[in-house]
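So that the names make sense, note that chain A is the first sequence line, chain B the second, and so on, each numbered from 1.
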Amino acid sequence: MQRRFRLRDSRDFARMRREGRTLARGGLLLSILPNGLDHNRYGFVTGKALGKAVVRNRVRRLLREAMRQLHPQLQTGLDIVLVARQSLVGKPFSTVRRLLEDLCDQAQIRQEVKGADEG
RNA sequence: CAGGUUGGCCGGAUGGUCGCUCUCCUGCUGCGGCAGGGGGGAGGAAAGUCCGCUCUCCACAGGGCGCGGUGCUGGCUAACAGCCAGGCGGGGAAACCCGACGGCAGAGUGCCACAGAGAAGUGUAUUGCCCCGCGCGAGCGGGGUGAGGGUGAAACGGUGGUGUAAGAGACCACCGGCGCGGCCAGCGAUGGUCGCGGCCAGGCAAACCCCACCGGGAGCAAGGUCAAGCAGGCGCAUUGGGGCGGCCCGUCCCGCAAAAAGCGCCGGGUAGACUGCUAGAGCUUCCGAGUAAUCGGAAGUCGAGAUAGAUGACCGUCCUCGACAGAAAGCGGCUUAUAAGGCCGACCUGGAUA
RNA sequence: GCCGCAGUAGCUCAAUCGGCAGAGCGAUACUCUUGUAAAGUAUAGGUUAUGGGUUCAAUUCCCAUCUGCGGCU
């Protein structure tokens, strides 16, 4: 996940909390808000309630990898924030990936990809 | 061979594809970057933040009081509450392990609940022992005494004798303990030995305190440069305001009456970029000094630098099947957490054999 | 990352200079009532966060650990 695709400004996070659309499933929160740019920006929130630094790093890396694989299929011009909850700790990558796909389908931000029949 | 003590090392290995971050080279560029290739990319504890420093700012970091820390001795170190060596005390048959280990006898103050006669003062007397007086007698009154019983976590030396009405360091011998002095060994803590003394002195300083030594405060979110942005107000001449963050002295800065500037307080604005930022008390090997910690020298070597915060995903192979755990300025320690096990030493005890 | 504070009964808090850990609310049982509430009486409830140390004796003093909370850009 390159730096220009990261969501970094705390005011953007605050705007997301106020105006964003939020979906939740299985210990994962997905918030979406249009950003007016020609690309997407992503933010990952892994708070201290998840555990120690190793646990938080692990969760964030899984989320980032899952989002990286899903990125070409998504609509552009969105700010997307993923918030991890306690129940996500210890889940394998396949579970996290499937959870994220389901959330994106529920939010209807996945573009129609021909020839891709996953899930 | 069996049992035990102790020190150190290892903290999964390897290959492919797709990604992340830093850096170098080449090319392109609309100077924001992009493409290709090469290289580096978490730990022994990175952790807790318990100590010590480097560094940065507070003008310099000065004296006294206060406050805090350390506490056997010598050494090592940039420094330490760390390490090494030694002493003393305790545990163990031994190897060895543990110890905040200055001073209640250098002075003063305080506390020692309950129980007990008495908890530290030249103090006390329930039972007991002894003497005197009274009474036919059981006993009662007065006095002496502190050994025994009893209480307690702790009770004012122990044994034997002299002495006495009964006794008691009241006196004597030995022992234990304490203090002083001499000599010997040691840099020293201390140990050994000889003599003298008073008869014996309770415990607690992780109780106040005393003594010796050390410590100015804050912390990389320190600090510096640039950009963007906002709104100003109040105080500052006589023994004024402030640095000084506990106080005082001393010292320094500003002001000393036009304005400006400066300093301080309150309020408002910003949360971006660069820097600090990683070559250092560095690491490896060898040689030398030292019992050791460590130090000196030579040669070689460069091993993270993010900033919503880089190590991940998938597929294989092998093994003894993988724990605790993730850098945020950098070091030296301490403490705590740690799977399956493996490897290399040193030493003690017992047995067997030579 | 750095700095600081706290932990006692189910909850909110006490406990002098170290000397048998208490109060209010709550809980349980009983009385009162036709019944409930209120009121009254009684009872239980604690490894003082955890583990060591000093002391005759520790909630208190010291050290380490765990948990929670706050501040600094």
**Student:** Given Watson-Crick or G-U pairs with both distances under 3.5 Å, what dot-bracket string fits RNA chain C, with | for other-strand pairs and [ ] for crossing?
**Tutor:** (((((((..((((.....[..)))).(((((.......))))).....(((((..]....)))))))))))).

**Student:** Anything under 30° is parallel, anything over 60° is perpendicular, the rest tilted; go ahead and classify Tyr42(A) against His71(A).
**Tutor:**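 Answer is perpendicular, since the angle exceeds 60°.
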
**Student:** Considering every strand and a 4.0 Å limit on heavy-atom distances, what is the contact class for Arg58(A): base, sugar-phosphate, or nothing?
**Tutor:** sugar-phosphate

**Student:** Measuring from Leu103(A):CG to Arg110(A):CZ, what's the distance to the nearest 0.5 Å?
**Tutor:** 11.5 Å

**Student:** In whole angstrom, give me the gap between the P atoms of rA45(B) and rC76(B).
**Tutor:**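 26 Å, rounded to whole Å.
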
**Student:** List the atom pairs, with distances to 0.1 Å, where a side-chain N or O of residues 46-55 of chain A and a protein N or O form a donor-acceptor pair under 3.5 Å, not counting sequence neighbours.
**Tutor:**
none

**Student:** Pair up each side-chain donor or acceptor in residues 76-83 of chain A with any protein partner under 3.5 Å, not counting sequence neighbours, and list the distances.
**Tutor:**
from     : atom 1 : to       : atom 2 : distance (Å)
Asp79(A) : OD1    : Asn35(A) : ND2    : 2.8
Asp79(A) : OD1    : Arg41(A) : NE     : 3.0
Asp79(A) : OD2    : Arg41(A) : NH2    : 2.9

**Student:** How far, in whole Å, is rA153(B) from rU162(B) if one measures between their P atoms?
**Tutor:** 40 Å

**Student:** Please state how far atom CZ in Arg6(A) lies from atom P in rA306(B), giving the value in whole angstrom units.
**Tutor:**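 Value for this atom pair: 12 Å.
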
**Student:** Measure from CZ on Phe44(A) to C1' on rG312(B) and round the result to the nearest Å.
**Tutor:** 12 Å

**Student:** Distance check needed: rG33(B) C1' versus Asp38(A) CG, whole Å only.
**Tutor:**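 Taking atom C1' of rG33(B) as the reference, CG of Asp38(A) is at 14 Å.
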
**Student:** RNA chain B: Leu62(A) or Val45(A), which has the more 5' nearest nucleotide?
**Tutor:** Val45(A)

**Student:** Are Arg61(A) and Glu65(A) within salt-bridge range, i.e. N to O under 4.0 Å?
**Tutor:** no

**Student:** Can you tell me how far P of rA308(B) sits from CG of Asp79(A), to the nearest Å?
**Tutor:** 15 Å

**Student:** With P as the reference atom in both, quote the distance from rA64(C) to rG82(B) in angstrom, rounded to an integer.
**Tutor:** 12 Å

**Student:** Mapping Gly43(A) and Glu65(A) to their closest nucleotides on RNA chain B, which lands nearer the 5' end?
**Tutor:**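 Closer to the 5' end of RNA chain B: Gly43(A).
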
**Student:** Indicate yes or no for a side-chain donor-acceptor contact from Gln75(A) to the backbone of Gln108(A) under 3.5 Å, with no hydrogens or angles considered.
**Tutor:** yes

**Student:** Is there a side-chain contact between Arg60(A) and the phosphate of rA310(B), meaning an N or O under 4.0 Å from OP1 or OP2?
**Tutor:**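 Yes, Arg60(A) has a side-chain N/O under 4.0 Å of OP1/OP2 on rA310(B).
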
**Student:** Do the side chains of Met67(A) and Phe5(A) get nearer than 4.5 Å, heavy atoms only?
**Tutor:**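 Answer no - side chains too far apart.
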
**Student:** Report the residues that fulfil side chain to side chain contact (heavy atoms under 4.5 Å, CB included) with Leu99(A), sequence neighbours left out, ordered by chain and then residue number.
**Tutor:** Arg25(A), Leu28(A), Leu88(A)

**Student:** Measure from CZ on Arg15(A) to C1' on rA308(B) and round the result to the nearest Å.
**Tutor:**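 Arg15(A) atom CZ is separated from rA308(B) atom C1' by 16 Å.
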
**Student:** Which residues pass the side-chain hydrogen bond (donor to acceptor under 3.5 Å, both in side chains) test with Arg15(A), not counting sequence neighbours?
**Tutor:** none

**Student:** Provide, to the nearest angstrom, the distance between the CZ atom belonging to Phe5(A) and the C1' atom belonging to rU21(B).
**Tutor:**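 Interatomic distance, CZ of Phe5(A) to C1' of rU21(B): 16 Å.
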
**Student:** Provide, to the nearest angstrom, the distance between the NZ atom belonging to Lys48(A) and the P atom belonging to rC69(C).
**Tutor:** 11 Å

**Student:** Using a cutoff of under 3.5 Å, can you pull out all pairs of nitrogen or oxygen atoms linking the protein to nucleotides 323-330 of chain B, with atom names and distances?
**Tutor:**
from     : atom 1 : to       : atom 2 : distance (Å)
rG326(B) : OP2    : Val54(A) : N      : 3.3
rG326(B) : N7     : Arg61(A) : NH1    : 3.2
rG326(B) : O6     : Arg61(A) : NH1    : 3.4

**Student:** In Å and rounded to the nearest 0.5 Å, what is the CZ to CE distance from Arg21(A) to Met16(A)?
**Tutor:**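 CE of Met16(A) is found 11.0 Å from CZ of Arg21(A).
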
**Student:** Any stacking of Phe13(A) on rA308(B), going by centres under 5.5 angstrom and planes within less than 30 degrees?
**Tutor:** yes

**Student:** Say you pick atom P in rU73(B) and the same atom in rG103(B); how far apart are they, in whole Å?
**Tutor:** 11 Å

**Student:** CD1 of Ile80(A) versus C1' of rA308(B): gap in Å, rounded?
**Tutor:**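 Atom-to-atom, Ile80(A) to rA308(B), this comes out as 16 Å.
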
